[in-house]
Amino acid sequence: LFSKFLVNKKLLFYIGFMVFVFLGFLVRETGLVIVPLLTVFDLVSTFIFSSEKKESNRAIKHKLKGLILRQIPIYLLFIAFYFFRNWYGGIAGDHADSLVKWRIRLIEDGLYPELLWAMILTSGKLLAPQLIPYPILNFIREAFLGILPGKTIGIYFFPFVGLVFYGLLGTVTYLIRKNKHLFSLMAFFLIWIAAFSLFVSLAVPSDTGSLLDSYDWIPMRYRYFAFAGMSGVFGIILYLFFEKIKRKTKNAKKISRIVIAGAIILNTIFIWKLEQDIYRKAFKPSKDFYSQFKK
């Protein structure tokens with residue numbers, strides 16, 4: 001709706017997108033990240049991909065004024081949500097989570113460098129399983145700990161892998177900079193991933209115990225928002241892979257389909273195993289208790 005408004009300048013589209021933005025805040029407070037993403041989208045649409053190549057200073061100032069005027073209500077809505085949030089109480093578990101309590105304590109004690117470091121490590125740990133299925137990551141870290149046991153490897157292995165892979169994606173983005181369309185898409189998706197990862201890292205930064213924990217299915221739900229962007233990244237990488245091998249083989253389509261099929265099959269197997277683990281740990285004990293209780 002915001003994109004339509006930029007094209008058509010119809011107030012109905014603007015009102016519509018504002019309504020949905022506010023509803024997004026209510027459904028999930030992570031939706032607050034939509035606000036800076038909209039600002040980035042507006043800047044890119046208005047200045048970088050403008051149809052007019054050479055513009056006068058007056059025209060640029062006029063565009064900037066329009067951008068500021070349409071962005072101000074979004075940020076006012078952002079601020080208004082906090083007052084509304086205080087009225088209805090916000091998410092019930094905000095002050096029950098131990099990591100949230102830890103974050104609040106760090107802020108109250110003015111330990112901002114420690115909070116920043118925790119956010120960086122948490123972001124890295126959140127990023128790693130978006131690229132590699134987390135059962136594989138757990139297995140690799142256990143193998144490393146078997147060879148080089150130590151708390152340092154336990155804490156830093158997952159964050160290191162995640163940050164290195166994100167750096168590699170940044171390198172790929174830089175290498176395709178001549179293709180403006182792919183470059184802009186890749187850059188947008190990387191900003192998306194970073195924004196959501198940092199937001200979650202600020203909301204629930206990992207302490208030492210959390211960093212030492214292996215990946216599990218429960219905290220992995222925090223990756224879903226960022227993974228929407230990672231899906232786009234996978235699509236671009238697959239396209240680049242296809243374009244690369246297309247020049248060297250006539251079976252480029254077949255190879256690409258095999259790669260996609262392999263990824264789907266591998267993830268399906270992991271999902272089936274995950275279902276079995278969740279059933280065994282979370283549901284089977286309750287069902288067994290209920291059946292015994294009836295007897």
Q) Is Y239 linked to L175 within one hydrophobic cluster, defined over Ile, Leu, Val, Met, Phe, Trp and Tyr using a side-chain heavy-atom separation of less than 4.5 Å? A) no

Would one find more than 12 heavy atoms of other residues, nucleotides or ligands at under 6.0 Å from atom CZ of F270? yes

Practice problem: Carefully, step by step, assess V172 and L168 under the rule side-chain contact (heavy atoms from CB on, under 4.5 Å). | Solution: CA-CA 6 Å; V172 171; L168 289 173; 5.7 Å; no

- Are any side-chain N or O atoms of R247 and backbone N or O atoms of K244, one a donor and one an acceptor, separated by less than 3.5 Å? no

Handout entry: Criterion side-chain contact (heavy atoms from CB on, under 4.5 Å) on I15 and L1, from CA distance to verdict
Key = CA-CA 9 Å; I15 294 170; L1 285 171; over 6 Å; no

Output yes when a side-chain donor or acceptor of N251 lies under 3.5 Å from a complementary backbone atom of K254, and no otherwise.
no

Evaluation steps, side-chain hydrogen bond (donor to acceptor under 3.5 Å, both in side chains), between S291 and D288 = CA-CA 5 Å; S291 62; D288 289 345; 4.8 Å; no

Quiz item: Would a hydrophobic clustering, with Ile, Leu, Val, Met, Phe, Trp and Tyr connected at side-chain separations under 4.5 Å, put F227 with L238?
Solution: no

When every non-hydrogen atom of Y279 is compared with those of P285, the smallest separation belongs to O-CD, 4.2 Å

Per-pair distances, 0.1 Å, donor-acceptor, side chain in residues 67-79, under 3.5 Å, sequence neighbours excluded:
| unit_1 | atom_1 | unit_2 | atom_2 | d |
| --- | --- | --- | --- | --- |
| R70 | NE | D42 | OD1 | 3.2 |
| R70 | NE | D42 | OD2 | 2.8 |
| R70 | NH1 | G66 | O | 3.4 |
| R70 | NH2 | D42 | OD1 | 3.0 |
| R70 | NH2 | T46 | OG1 | 3.0 |
| Q71 | OE1 | T39 | OG1 | 2.8 |
| Q71 | NE2 | D42 | OD2 | 3.0 |
| Y75 | OH | T39 | OG1 | 2.7 |

Rounded to the nearest 0.5 Å, the CG atom of L131 sits from the CD1 atom of I136 at a distance of 12.0 Å

Review point. Parallel under 30°, tilted from 30 to 60°, perpendicular over 60°: which one fits the rings of F188 and W192?
Key: tilted

Next on the checklist: Check for me, please, whether Y134 and I132 land in the same ILVMFWY cluster - side-chain distances under 4.5 Å, paths through other members count.
Outcome noted: yes

**Asked** What's the verdict on ring-ring contact (aromatic ring centres under 6.0 Å, His included) for F17 and F2, showing C-alpha distance, side-chain angles and the deciding distance?
**Response** CA-CA 6 Å; F17 105 81; F2 184 70; 4.8 Å; yes

Hey, does the side chain of S206 reach the backbone of L211 with a donor-acceptor pair shorter than 3.5 angstrom? no

- Query: Counting distance only, does the side-chain N/O of K125 pair as donor-acceptor with the main-chain N or O of S210 below 3.5 Å?
  - Reply: yes

CD1 of I260 to CD1 of I265, rounded to nearest 0.5 Å, is 12.0 Å

Residues 141-164 vs ring pair (Phe, Tyr, Trp, His ring centres under 6.0 Å), sequence neighbours excluded, gives F144-F157, F158-Y215

Short question: side chain of S201, backbone of S123 - any donor-acceptor pair under 3.5 Å? yes

Output for pair (T122 OG1, L202 CG), nearest 0.5 Å, gives 10.0 Å

R103 side chain to L115 main-chain N or O, any donor-acceptor pair under 3.5 Å? no

Checklist entry - Going through the checks in order, is the salt bridge (charged side-chain N to carboxylate O under 4.0 Å, His left out) test met by D277 and K281? => result CA-CA 6 Å; D277 290 343; K281 293 176 183 177; 5.4 Å; no

Between V35 and F25, the two heavy atoms sitting closest are CG2-CZ, 3.6 Å

Margin query: Between the side chains of R105 and D109, is the shortest nitrogen-to-carboxylate-oxygen separation below 4.0 Å, so that they form an ion pair?
Written below: no

Heavy-atom closest pair (L212 atom, G154 atom, distance to 0.1 Å) is CD2-C, 3.7 Å

- [ ] Starting from the C-alpha separation in whole Å, work towards a yes-or-no answer on ring-ring contact (aromatic ring centres under 6.0 Å, His included) for F22 and F84.
- [x] CA-CA 11 Å; F22 190 76; F84 184 70; 5.8 Å; yes

Note: I153 and L148 closest approach over all heavy atoms is CD1-O, 3.0 Å

Could you walk me through whether F13 and L6 pass the side-chain contact (heavy atoms from CB on, under 4.5 Å) test, one step at a time?
CA-CA 9 Å; F13 290 127; L6 290 179; over 6 Å; no

side-chain contact (heavy atoms from CB on, under 4.5 Å) evaluation trace for F196 with L37 = CA-CA 10 Å; F196 278 107; L37 284 175; 4.1 Å; yes

Margin query: Counting C-beta onward and ignoring hydrogens, is there a side-chain heavy-atom pair between L127 and F165 closer than 4.5 Å?
Written below: no

Here the gap from M186 atom CE to I236 atom CD1, rounded to the nearest 0.5 Å, amounts to 5.5 Å

If you count heavy atoms of other groups shown closer than 6.0 angstrom to NZ of K10, is the number above 12? no

Output for pair (I255 CD1, R257 CZ), nearest 0.5 Å, gives 12.0 Å

In short, S197 meets L126 closest at the heavy-atom pair O-CD1, 3.9 Å

Smallest heavy-atom separation, P133 atom then N267 atom, equals CG-OD1, 4.4 Å

